[in-house]
Amino acid sequence: MDQSTKALLGTKYLKTEGDAQKLGRSDAEVAFVGRSNAGKSTLINAICQKKKMAHVSQVPGKTRTINVYEVSFGRWIVDLPGYGYAVGSKSVATAALAPMIEGYLNTQKNIGMVFVVVDAVVGPTVLDRSMIEWLMHDGFPFSVIVNKIDKVKSSVLEARKKEIASGLARYTGDLFWVSSKENIGIKALQQRIAQLLNI
């Protein structure tokens with residue numbers, strides 16, 4: 001087990017907030033954002049090798065808060081609300097969740113990377129592209145994580161990868177191919193996060 005993995009094993013839940021201005025300051029942080037049901041929470045659990053640290057909802061859009069996990073003092077992994085679908089009225093998704101994400105991005109000063117999580121089966125949606133364009137426009141560093149590649153048939157996986165990569169070709173940023181369930185690509189992601197958090 002390398003040092004980056006060892007450090008991430010110590011990650012623990014720190015706080016939940018509905019208002020980004022109440023989060024306080026970190027020394028360094030990385031954030032995960034993506035469409036509801038793209039598997040953000042499961043991915044964070046896989047990265048930190050914790051089964052239930054980040055709550056995994058069975059209902060897409062159930063999480064409407066910013067959840068913070070501390071790797072070591074002042075070094076955070078942040079799980080932002082999923083966009084694109086919310087339980088209840090659609091107005092909740094548009095009137096509350098998007099401003100919450102925007103508030104986070106505009107408030108926190110030590111964001112080392114925003115990881116945009118995309119579902120390998122669904123592919124990049126209009127909302128995913130809008131999020132990426134927003135990050136690019138405002139100058140935030142970002143990478144795209146294509147999650148759930150285990151759900152794509154092995155016979156068409158390479159073709160699917162080319163299709164998704166082609167669809168994202170106009171955007172800058174790293175591209176990670178992962179499966180939280182099968183632990184594919186997790187090590188590379190752990191190493192990148194450890195580097196960004198300087199742990």
Exercise for the section: Decide side-chain contact (heavy atoms from CB on, under 4.5 Å) for Leu135 and Val116; before the verdict, give the C-alpha distance in whole Å, the side-chain angles of both, and the deciding distance to 0.1 Å. Expected result: CA-CA 10 Å; Leu135 294 169; Val116 182; 3.6 Å; yes

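- Looking only at side-chain heavy atoms (C-beta outward), Arg192 and Lys187 stay at 4.5 Å or farther from each other.
- Interatomic distance, CG of Leu8 versus SG of Cys48, reported as 5.5 Å (0.5 Å rounding).
- Nearest heavy atom pair, residue Leu196 against residue Gly112, reads CD2-O, 3.8 Å.
- Between Tyr69 atom OH and Ser41 atom OG the span is 6.0 Å, to the nearest 0.5 Å.
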Handout entry: Verdict with reasoning, Glu29 to Tyr104, per side-chain hydrogen bond (donor to acceptor under 3.5 Å, both in side chains)
Key = CA-CA 12 Å; Glu29 61 194 90; Tyr104 167 80; 2.6 Å; yes

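- Looking only at side-chain heavy atoms (C-beta outward), Val152 and Val121 come within less than 4.5 Å of each other.
- Two residues are said to be in side-chain contact when any heavy atoms from C-beta on lie closer than 4.5 Å; Val117 and Leu43 meet this criterion.
- Under the 4.0 Å criterion applied to side-chain N and carboxylate O atoms, Asp119 and Arg35 are assigned as salt-bridge partners.
- To the nearest 0.5 Å, the span separating CG on Leu189 from CD1 on Ile184 amounts to 13.5 Å.
- The CD1 atom of Ile77 lies 9.0 Å from the CZ atom of Phe115; values are rounded to the nearest 0.5 Å.
- Under a hydrophobic-cluster definition in which Ile, Leu, Val, Met, Phe, Trp and Tyr are linked whenever side-chain heavy atoms come within less than 4.5 Å, directly or via other members, Ile149 and Val156 are assigned to the same cluster.
- Side chains of Glu17 and Val68 form no contact here, defined as non-hydrogen atoms less than 4.5 Å apart.
- For the residue pair Ala20 and Thr107, the shortest heavy atom distance occurs at O-CG2, 3.9 Å.
- In this structure a side-chain-to-backbone donor-acceptor pair under 3.5 Å is present from Asp19 to Gln21.
- Formation of a donor-acceptor pair under 3.5 Å by the Lys15 side chain with backbone atoms of Leu23 is found in this model.
- Within the 3.5 Å criterion, the main-chain N or O of Asp27 finds no donor-acceptor partner in the side chain of Arg75.
- Between Trp76 and Arg25, the closest heavy-atom pair is CZ2-O, 3.8 Å.
- At distances below 3.5 Å, not a single donor-acceptor pair connects side-chain atoms of Asp128 with backbone N or O atoms of Val118.
- When every heavy atom of Ser26 is checked against every heavy atom of Asn110, the shortest pair comes out as O-ND2, 2.6 Å.
- Around the NZ atom of Lys151, the shell of radius 6.0 Å holds no more than 12 heavy atoms that belong to other residues, nucleotides or ligands.
- Between the side chain of Thr42 and the backbone N or O of Gly39, no donor-acceptor pair lies under 3.5 Å.
- Between Asn45 and Lys51, the closest heavy-atom pair is ND2-O, 3.3 Å.
- Within the 4.5 Å cutoff, the side chain of Leu168 has heavy atoms near those of the Val144 side chain.
- Val122 and Val33 sit in two unconnected hydrophobic clusters of ILVMFWY residues. Membership requires side-chain heavy atoms under 4.5 Å apart, directly or through other members.
- Going from atom CZ of Phe32 over to atom NZ of Lys40 covers 9.5 Å, rounded to the nearest 0.5 Å.
- Note on Glu182 versus Lys148: no salt bridge recorded, every NZ/NE/NH1/NH2 to OD/OE distance being 4.0 Å or above.
- The environment of NZ in Lys161 is crowded: more than 12 heavy-atom neighbours from other residues, nucleotides or ligands sit within 6.0 Å.
- Side-chain atoms of Ser166 never come within 3.5 Å of backbone atoms of Lys162 as a donor-acceptor pair (strictly under, hydrogens ignored).
- Separation of atoms CG (Leu80) and CE (Met131) is listed at 8.0 Å; rounding is to 0.5 Å.
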Exercise for the section: Show the numbers, then the answer: is there a side-chain hydrogen bond (donor to acceptor under 3.5 Å, both in side chains) between Ser179 and Asn147? Expected result: CA-CA 6 Å; Ser179 166; Asn147 193 23; 5.8 Å; no

Practice task
Assess whether side-chain contact (heavy atoms from CB on, under 4.5 Å) is satisfied between Val30 and Leu197, documenting all intermediate values.
Solution key: CA-CA 8 Å; Val30 297; Leu197 296 179; 4.2 Å; yes

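- Residues Ala46 and Ile186 approach most closely at O-CG2, 3.8 Å, considering heavy atoms.
- Glu70 places a side-chain N or O within donor-acceptor distance of the main-chain N or O of Gly74, the cut-off being under 3.5 Å.
- Residues Met113 and Phe140 fail the side-chain proximity criterion, which asks for heavy atoms closer than 4.5 Å.
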